[in-house]
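Note on naming: letters A, B, ... go to the chains in the order of the sequence lines (proteins, then strands), and numbering restarts at 1 for each one.
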Protein chains: 2
Amino acid sequence: MSSVSVAASTVAASTQTLTTAQLLTEARTHNVWLPRPVSNEQLQAIYELAKFGPTALNGCPLRLQFVVSAEKRAQLLPLMMEGNRAKTAAAPAVALLGMDLHYFEQLPKLFPYIDARSMVANMPAERIEAQARLNAGLQIGYFIIAARSLGLDCGPMGGFDAAAVDAAFWGDRPVRTLVVCNLGYGDPAALHPRGPRLAFEDVGAFV
Amino acid sequence: MSSVSVAASTVAASTQTLTTAQLLTEARTHNVWLPRPVSNEQLQAIYELAKFGPTALNGCPLRLQFVVSAEKRAQLLPLMMEGNRAKTAAAPAVALLGMDLHYFEQLPKLFPYIDARSMVANMPAERIEAQARLNAGLQIGYFIIAARSLGLDCGPMGGFDAAAVDAAFWGDRPVRTLVVCNLGYGDPAALHPRGPRLAFEDVGAFV
């Protein structure tokens, strides 16, 4: 892939008009996919948008792999929960979205104003993991919205053998897979009614 | 606030056109605020958009308080890290964004298809917390994008005495504050150059 063509598609996205209906209020998680391929360029363009979302200390702990080969797909499927296998087999592309527990190694580059690397690296391991999980979570939120802004549909899933996926796909790297996300063009005819959401009064207040 | 007026502003938002520049590529974290107020209706409208983003089992663990009174603001300020106090004092509004560790209590309503409540409630406490943190993180990502889609700027912060904020604002409720987010109209003249982001090659791959 040329970086020129990716830059071009990113620019195209940033000038096209969107609605919150497309991004949030009418967007749906999809489990059934239309037979329409997704290119590597489109997949990278999701990251090129999502990377701009804010994280604590600009730490950017998200790491990702786009599973596009038949071999890797075959390796992934048995590691998904049974109910997630058929849709993951059928999706045009699949993203593994994880957190880097050593994300602090990038802080001298990402947040050079103070010694942020020492600050984070010296925290207890469970606090580092909590920070990585929260901020990778933010980035996965940006990723889903970014995919939708590019006209793609998402099928994010938490049901998989995380230890096995980590071993198979990240090897010795200190990355933990948090979400496996199918990507493509969902079939709107296959959608069930949307699940309810909590009313503002049940989750929020003005104080 | 009438629910009718909130519904009206949400509908208005879903039909107005947006760009990824406004949401991501040119959006910035703000620390200096223009003297332009933000209404409770605008604040609730952020939630009314963000709530539609997907979470695992539709669990929706995010809980929030919008700090709009002078008394509560005065209570919050000394609990912020010193470097975060002046900007939090000056922001038109402040949101406390937290995770409900007992979010499973809502699952019979949110995900009635299986006994999801028992499934989650019987997990070890640290796994419940990890799930709440990841999914509240996704929702905070949606919240930031939703605020930007409504024309607001965000100043999300992780630097505060979390235990003290929890005690002061959530009391006995099993909620843990994850992010404190200033909200308003940022002063573009006060922005510093944006911090760098990681190149795709440094975080991602096609496999």
Side-chain angles (χ1 to χ4, degrees), chain A residues 10 13-21 23-25 27 29 40 44 47-54 56 58 60 62-69 72 106 109-111 130 133-142 144-146 149 156 158 169 178 195-198 200 203-207, chain B residues 10 13-21 23-25 27 29 40 44 47-54 56 58 60 62-69 72 106 109-111 130 133-142 144-146 149 156 158 169 178 195-198 200 203-207:
Chain A
T10 303
S14 69
T15 54
Q16 92 191 25
T17 53
L18 308 166
T19 64
T20 51
L23 302 178
L24 285 163
T25 62
T29 289
N40 287 8
Q44 184 172 344
Y47 175 74
E48 302 293 348
L49 289 174
K51 71 179 180 185
F52 287 111
N58 194 29
C60 305
L62 181 71
R63 302 294 178 268
L64 66 162
Q65 291 186 46
F66 290 112
V67 180
V68 294
S69 72
K72 289 291 181 179
Q106 301 286 345
K109 174 160 71 178
L110 295 173
F111 201 81
R133 188 181 305 270
L134 171 63
N135 286 282
L138 265 70
Q139 290 187 281
I140 295 169
Y142 308 142
I144 290 170
I145 300 283
S149 80
F169 285 86
L178 299 172
R197 294 299 190 271
L198 295 172
F200 179 75
V203 302
F206 298 99
V207 297
Chain B
T10 303
S14 70
T15 54
Q16 93 190 27
T17 52
L18 307 166
T19 64
T20 52
L23 301 178
L24 285 162
T25 61
T29 288
N40 287 9
Q44 184 172 342
Y47 175 73
E48 301 293 347
L49 289 173
K51 72 179 181 185
F52 288 110
N58 193 30
C60 305
L62 181 70
R63 301 293 178 268
L64 67 160
Q65 291 186 45
F66 291 112
V67 180
V68 294
S69 71
K72 288 292 184 180
Q106 301 287 346
K109 175 159 69 179
L110 295 172
F111 202 80
R133 188 181 305 271
L134 171 63
N135 286 283
L138 266 70
Q139 290 187 281
I140 296 170
Y142 307 141
I144 290 171
I145 301 284
S149 80
F169 285 86
L178 299 172
R197 295 298 192 270
L198 296 170
F200 178 76
V203 302
F206 298 98
V207 298

- line: Heaviest contributor of heavy-atom pairs below 4.5 Å to chain B, chosen from A:Gly53, A:Ala50, A:Ala130, is A:Ala130
message: Distance check, rounded to the nearest 0.5 Å: A:Leu134 atom CG versus B:Leu134 atom CG?
response: 9.0 Å
field: Contact winner vs chain A - B:Leu24, B:Val207, B:Leu138, heavy-atom pairs under 4.5 Å
entry: B:Val207
- prompt: Checking A:Ser69 against chain B: side chain, backbone, both or neither under 4.5 Å from a heavy atom?
  reply: both
statement: Those residues at least two apart in sequence (or on a different chain) that pass side chain to side chain contact (heavy atoms under 4.5 Å, CB included) with A:Ala56 are A:Gln131, A:Asn135
query: Which atom names give the shortest non-hydrogen contact between A:Leu198 and B:Tyr47, and what distance separates them?
result: O-OH, 2.6 Å
- request: Working to the nearest 0.5 Å, report the span between OH of B:Tyr142 and CD1 of A:Ile144.
  value: 3.5 Å
query: How many angstroms lie between CZ in A:Phe200 and NZ in B:Lys51, if you round to the nearest 0.5 Å?
result: 10.5 Å
message: To the closest 0.5 Å, what do you measure between CG (B:Leu18) and OG1 (A:Thr17)?
response: 8.5 Å
query: Which bit of B:Phe111 comes within less than 4.5 Å of chain A, counting heavy atoms only: side chain, backbone, both or neither?
result: neither
task: For chain B, find which of A:Lys72, A:Gln106, A:Arg197, A:Arg63 contributes the most heavy-atom pairs closer than 4.5 angstrom.
output: A:Arg197
- prompt: Taking all non-hydrogen atoms of both residues, which atom of B:Pro196 and which atom of A:Asn58 are closest, and how far apart?
  reply: O-ND2, 2.9 Å
- prompt: Highest number of heavy-atom pairs under 4.5 Å with chain B: which of A:Leu110, A:Leu178, A:Ile145, A:Ile140?
  reply: A:Leu110
message: Please identify, among B:Cys60, B:Pro156, B:Gly137, the residue contributing the most non-hydrogen atom pairs under 4.5 Å to chain A.
response: B:Gly137
- line: Scanning both residues in full, the closest heavy-atom pair of A:Val68 with B:Phe206 reads CG2-CB, 4.1 Å
Among the listed options B:Leu64, B:Leu23, B:Leu62, the residue most often paired with chain A at heavy-atom distances under 4.5 Å: B:Leu64
